[in-house]
Amino acid sequence: MKAYNFQLQRFSDDGFPTLGLIHEVFTAAKRPLFWGYSLEDEDQPGPKVPGDTRIPGGKVYEIQLIKQLTPLTKKYRARFPWFTWHLWLKDVEGFTGVYMHVGNDDGDTEACILMGDQGNNNMARAGNDGRILSSTDCYTRFYQYLTPKLEGGDRAFLHVRDESDLILP
């Protein structure tokens with residue numbers, strides 16, 4: 001059994017959606033492999049706001065295939081002939097049903113992690129609304145890479161790092 005490690009490095013949260021970068025770490029080439037941008041809900045001070053709060057950072061979550069036939073699973077199966085089950089983040093404290101999936105903006109996520117090939121600056125004061133683009137292309141690549149490994153018994157982990165990890169003392 002092999003373990004695959006991915007890192008989500010958040011880099012921008014201006015009180016609106018959080019943008020980040022997803023890399024595979026510990027690759028055979030000993031350097032990170034860039035998979036794409038991420039978009040999540042914003043950080044919320046105090047208690048979680050349902051449907052509008054990102055998952056806690058500074059933690060490692062196992063990525064698994066959740067084998068539940070939900071309405072969203074049916075929708076994805078109808079849309080993507082290669083799709084079987086959702087990529088799910090296991091044991092996210094205070095959250096349920098946290099998936100990695102397709103989407104472009106804050107309206108497409110309820111604590112889930114969206115993936116895309118392009119990202120914009122989400123500074124509301126600059127007139128940007130925090131979006132990622134080419135989500136289907138990015139997600140398809142990632143899903144088709146990771147799913148056979150998980151189905152074969154390998155494990156995968158997502159290390160989530162907050163923006164504060166970018167700032168050096």
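Fair warning: this is a prediction, and the values are worked out from it, not measured in the lab.
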- Message: Checking V25 against R31 for the side chain to side chain contact (heavy atoms under 4.5 Å, CB included) test, could you report, in this order, the C-alpha distance in whole Å, the side-chain angles of both residues, the deciding distance, and whether it holds?
- Response: CA-CA 7 Å; V25 293; R31 61 179 183 255; over 6 Å; no

- Assess whether side chain to side chain contact (heavy atoms under 4.5 Å, CB included) is satisfied between F80 and V102, documenting all intermediate values. CA-CA 11 Å; F80 306 117; V102 172; 4.2 Å; yes

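- Note that CG of L150 and OH of Y145 are 10.5 Å apart. Values are rounded to the nearest 0.5 Å.
- Hydrophobic clustering (ILVMFWY, side-chain heavy atoms < 4.5 Å, transitive): L39 and L133 are in distinct clusters.
- Stacking of R77 on the aromatic ring of W85 is recorded, both the 6.0 Å distance cut-off and the 45° axial limit being met.
- Note: F142 and W35 have perpendicular aromatic rings, judged against thresholds of 30 and 60 degrees for the angle between ring planes.
- One N or O on the side chain of N120 and one on the backbone of R131 form a donor-acceptor pair closer than 3.5 Å.
- Relative ring orientation between Y76 and Y139 is described as perpendicular, the plane-to-plane angle rising above 60° on a 0-90° scale split at 30° and 60°.
- When all heavy atoms of I55 and F95 are compared, the closest pair comes out as CA-CZ, 3.9 Å.
- Annotation: the span from L69 atom CG to H86 atom NE2 amounts to 9.5 Å, rounded to 0.5 Å.
- Judged purely by atom type and a 3.5 angstrom limit, S135 uses its side chain to pair as donor or acceptor with the backbone of M115.
- Separation of atoms CZ (F83) and NE2 (H101) is listed at 10.0 Å; rounding is to 0.5 Å.
- Under the salt bridge (charged side-chain N to carboxylate O under 4.0 Å, His left out) criterion, E163 pairs with R54, sequence neighbours left out.
- Counting only distance, with no hydrogens or angles, the side chain of D108 and the backbone of D105 share a donor-acceptor pair below 3.5 Å.
- The two residues D43 and P45 come nearest to each other via the heavy atoms O-CD, 4.0 Å.
- Considering only residues two or more places apart in sequence or on other chains, D117 meets the side chain to side chain donor-acceptor pair (under 3.5 Å) condition with R141.
- The line from CG of D154 to OG1 of T147 is 12.0 Å long, rounded to the nearest 0.5 Å.
- Residues that satisfy the ring pair (Phe, Tyr, Trp, His ring centres under 6.0 Å) test with Y61, not counting sequence neighbours, are absent from this structure.
- Here the closest non-hydrogen pair linking G36 and C138 is CA-SG, 4.0 Å.
- To the nearest 0.5 Å, the span separating CG on L19 from CG on L114 amounts to 10.5 Å.
- Alongside F157, the hydrophobic cluster contains V60 (criterion: ILVMFWY side chains under 4.5 Å).
- Under a 3.5 Å cut-off, the side chain of S38 and the backbone N or O of I113 do not form any donor-acceptor pair.
- Around NZ of K59, the count of heavy atoms belonging to other residues, nucleotides or ligands within 6.0 Å does not exceed 12.
- A donor-acceptor pair under 3.5 Å is absent between the side-chain atoms of T73 and the main chain of T84, judged by distance alone.
- Through ILVMFWY side-chain contacts below 4.5 Å, V49 is grouped with nothing and stands alone.
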- Item | side chain to side chain contact (heavy atoms under 4.5 Å, CB included) assessment of I22 paired with Q7 | CA-CA 6 Å; I22 298 176; Q7 179 175 285; over 6 Å; no

- Message: Would D52 and Q44 count as a side chain to side chain contact (heavy atoms under 4.5 Å, CB included) here? Give the steps.
- Response: CA-CA 8 Å; D52 206 24; Q44 297 283 355; 3.6 Å; yes

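- In this structure, L65 is not a member of the same hydrophobic cluster as M1, with clusters built from ILVMFWY side-chain heavy atoms closer than 4.5 Å.
- Residue-environment remark: CD (E110) stays at or below the threshold of 12 foreign heavy atoms within 6.0 Å.
- Side chain of D41 to backbone of A111: a donor-acceptor contact under 3.5 angstrom is found.
- Relative ring orientation between Y37 and F34 is described as perpendicular, the plane-to-plane angle rising above 60° on a 0-90° scale split at 30° and 60°.
- Remark: R10 pairs with E40, D162 by the side chain to side chain donor-acceptor pair (under 3.5 Å) rule, at least two apart or across chains.
- Side-chain contact between F11 and T18: absent, with no pair of heavy atoms (C-beta onward) separated by less than 4.5 Å.
- What you find for F6 and A156 is that their closest heavy atoms are CE1-CB, 4.2 Å.
- With rounding to the nearest 0.5 Å, the separation of CG in L89 from CD in E62 is 10.0 Å.
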